[in-house]
Number of protein chains: 2
Amino acid sequence: MNNYAIIVAGGSGIRMKSDIPKQFIEICGKPILMHTLENFKAYDPEMEIVLVLPQQQKDFWIELCHKHHFNLTYTLVSGGKTRFHSVQNGLSATHGNGLVFIHDGVRPLVSHATIRQCAQQASVCGNAIPVIPVHESVRQTSENGSQMIDRSRLSLVQTPQVFDTNIIKQAYEQPYDEQFTDDASVLERMGHTICMVPGNRENIKVTEPFDLIVAEALLRNKPL
Amino acid sequence: MNNYAIIVAGGSGIRMKSDIPKQFIEICGKPILMHTLENFKAYDPEMEIVLVLPQQQKDFWIELCHKHHFNLTYTLVSGGKTRFHSVQNGLSATHGNGLVFIHDGVRPLVSHATIRQCAQQASVCGNAIPVIPVHESVRQTSENGSQMIDRSRLSLVQTPQVFDTNIIKQAYEQPYDEQFTDDASVLERMGHTICMVPGNRENIKVTEPFDLIVAEALLRNKPL
């Protein structure tokens with residue numbers, strides 16, 4: 001079995017109001033992306049890691065690695081025009097049978113329990129995605145204004161989205177469609193049923209200054 | 001104009017895994033509920049505050065007020081069987097024309113900009129609720145499994161939900177229905193259109209240990 005984590009980091013710093021791309025912003029003294037990579041390596045030191053970065057960010061990243069004495073082993077792959085194309089590039093660096101864990105570079109706080117449950121479920125179903133319930137009331141807008149909708153039927157989707165390697169590679173041979181908002185939606189287009197497992201609330205996507213404050217607080221409180 | 005803030009605090013400590021009700025848990029050295037009350041008083045010292053608390057929690061609350069030298073002026077009202085009945089009790093303590101700001105006791109971090117925008121919109125429309133966009137992919141479960149839904153059409157609803165006093169009092173004369181999940185849904189049942197204004201992401205509802213960590217970090221970072 002060859003298991004791979006494909007860590008996708010294609011962000012800019014725009015929403016973060018930052019000069020540097022969000023995945024390179026430091027929390028607790030280290031770029032977010034390093035926390036994410038180390039988290040996966042800690043989960044399973046045998047897992048091969050593929051990091052997908054925009055071509056123009058590679059030099060800066062390598063500089064950061066020197067600065068932080070970051071010497072984890074991984075394969076570095078260039079990103080594409082969209083997230084879809086970046087994942088395609090990441091998948092092309094995988095080989096053999098096993099599972100692929102496709103994960104956002106700016107989600108440093110996924111728990112090992114979440115990763116483990118995704119892995120177990122994907123071994124059975126061929127895929128698994130972590131989800132959490134919605135805690136707030138939800139309204140949906142339409143041409144007729146907005147309506148309350150039943151939040152108990154909604155789930156917020158996180159990563160890693162975990163797949164049988166051969167199945168997800170086949171799914172990513174489809175032509176790009178802008179309605180592919182995550183990896184599960186690419187697989188779903190082929191008629192597969194998506195399996196959901198419980199995620200963890202700490203597993204936030206760090207995209208705004210608000211998230212930086214939250215991520216820093218959560219990392220400090222993280223049980224080892 | 002008589003403006004009122006009705007602060008509803010009916011929670012237990014169950015989801016918080018705490019012996020004391022969540023609204024009394026301390027963050028930054030003070031019960032959450034005190035932060036919330038002070039926040040409204042700071043927004044507008046002229047606003048009258050009605051605090052709705054379960055009858056059996058009143059003594060403990062008064063003890064906490066002594067301990068923390070909390071001497072803000074407000075009207076204390078007993079809660080009812082459900083949130084709907086608690087708000088009814090709160091509304092019965094309001095008089096005259098003006099606006100009512102109905103707010104969760106465990107949302108200490110609503111910004112003054114959010115309150116102000118709700119007030120302005122409610123002055124025009126008769127109601128306003130603060131909402132924020134959904135940042136994650138969303139799936140909806142049905143009998144046929146789960147489907148991705150368009151998150152750009154979804155909004156997460158916060159409080160304060162702000163209303164013309166006379167209109168909301170009339171709405172709360174309707175018989176209770178368990179489908180009333182918030183105050184807007186009570187008004188909506190009468191055929192009113194709900195007006196949405198931008199909320200602030202910091203305005204979280206503190207219900208789980210996760211939220212305590214986040215709220216504490218956000219309060220420490222809060223601009224004065």
Side-chain angles (χ1 to χ4, degrees), chain A residues 15 104 107 129 131-132 134-142 144-159 161 179-185 188-189 192-196 199-222, chain B residues 15 104 107 109 129 131-132 134-142 144-159 161 179-185 188-189 192-196 199-205 207-222:
Chain A
R15 275 208 283 179
D104 295 326
R107 290 194 192 261
I129 64 172
V131 299
I132 55 170
V134 181
H135 282 266
E136 321 256 342
S137 294
V138 180
R139 296 186 76 85
Q140 186 168 33
T141 50
S142 66
N144 308 318
S146 68
Q147 291 80 38
M148 186 74 97
I149 62 172
D150 180 4
R151 74 171 177 218
S152 69
R153 288 172 50 209
L154 300 182
S155 299
L156 301 175
V157 179
Q158 306 181 329
T159 72
Q161 303 197 347
Q179 285 180 9
F180 291 149
T181 55
D182 66 355
D183 310 297
S185 62
E188 203 165 29
R189 179 67 59 87
H192 289 264
T193 300
I194 303 303
C195 298
M196 303 195 288
N200 62 297
R201 279 196 76 193
E202 296 79 9
N203 185 17
I204 60 168
K205 189 169 180 176
V206 183
T207 51
E208 295 185 353
F210 168 88
D211 304 307
L212 281 180
I213 297 169
V214 174
E216 182 119 7
L218 292 172
L219 265 180
R220 283 190 204 289
N221 276 276
K222 194 181 173 187
Chain B
R15 274 207 283 178
D104 295 326
R107 289 194 193 261
L109 284 148
I129 64 172
V131 300
I132 55 169
V134 181
H135 283 264
E136 320 255 345
S137 294
V138 180
R139 296 185 77 85
Q140 187 168 33
T141 51
S142 66
N144 308 319
S146 68
Q147 292 79 38
M148 187 74 98
I149 62 172
D150 180 3
R151 72 170 180 219
S152 69
R153 288 172 49 209
L154 300 181
S155 298
L156 301 176
V157 179
Q158 305 181 330
T159 70
Q161 303 196 348
Q179 284 180 9
F180 292 149
T181 55
D182 65 355
D183 310 298
S185 62
E188 203 164 28
R189 179 65 61 85
H192 289 265
T193 299
I194 303 303
C195 298
M196 303 195 288
N200 62 298
R201 279 197 75 193
E202 297 78 9
N203 184 17
I204 60 168
K205 189 169 180 176
T207 51
E208 294 185 353
F210 169 88
D211 303 307
L212 281 180
I213 297 169
V214 174
E216 182 119 8
L218 292 172
L219 265 180
R220 283 189 203 289
N221 277 276
K222 194 181 174 188

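Throughout, a chain's letter reflects where its sequence line sits, starting with A, and its residues are numbered from 1.
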* Structure fact -> Contacts of A:S185 meeting side chain to side chain donor-acceptor pair (under 3.5 Å) (sequence neighbours excluded), chain-then-number -> A:D182
* To do: To the nearest 0.5 Å, tell me how far B:I213 CD1 sits from A:R220 CZ.
  => 12.5 Å
* Asked: Where does B:Q147 contact chain A at under 4.5 Å (heavy atoms): side chain, backbone, both or neither?
  -> backbone
* Of the backbone (N, CA, C, O) and the side chain (C-beta and beyond), which part of A:E216 lies under 4.5 Å from a heavy atom of chain B, both, or neither? -> neither
* Hey, could you give me the CG/CD distance between A:N203 and A:Q158, rounded to the nearest 0.5 Å? => 4.0 Å
* Return the option, out of A:A184, A:S146, A:S142, A:S152, with the maximum number of heavy-atom pairs under 4.5 Å with chain B. => A:S146
* Asked: How long is the span from the CG atom in A:L156 to the NE2 atom in B:H135, to the nearest 0.5 Å?
  -> 11.5 Å
* Structure fact -> Most contact-rich option vs chain A, by heavy-atom pairs under 4.5 angstrom, among B:E188, B:R201, B:M148, B:E136, is B:R201
* B:L154 CG to A:R139 CZ distance, which is reported to the nearest 0.5 Å -> 12.0 Å
* With only heavy atoms counted, which part of A:V131 is less than 4.5 Å from chain B, the side chain, the backbone, both or neither? -> neither
* Asked: chain B: which of A:I129, A:N144, A:V138, A:I204 shares the most heavy-atom pairs with it under 4.5 Å?
  -> A:V138
* Structure fact -> Separation between CZ (A:R107) and OG1 (A:T207), nearest 0.5 Å, reads 9.0 Å
* Asked: Can you say whether A:T181 sits under 4.5 Å from chain B via the side chain, the backbone, both, or neither, judging by heavy atoms?
  -> both
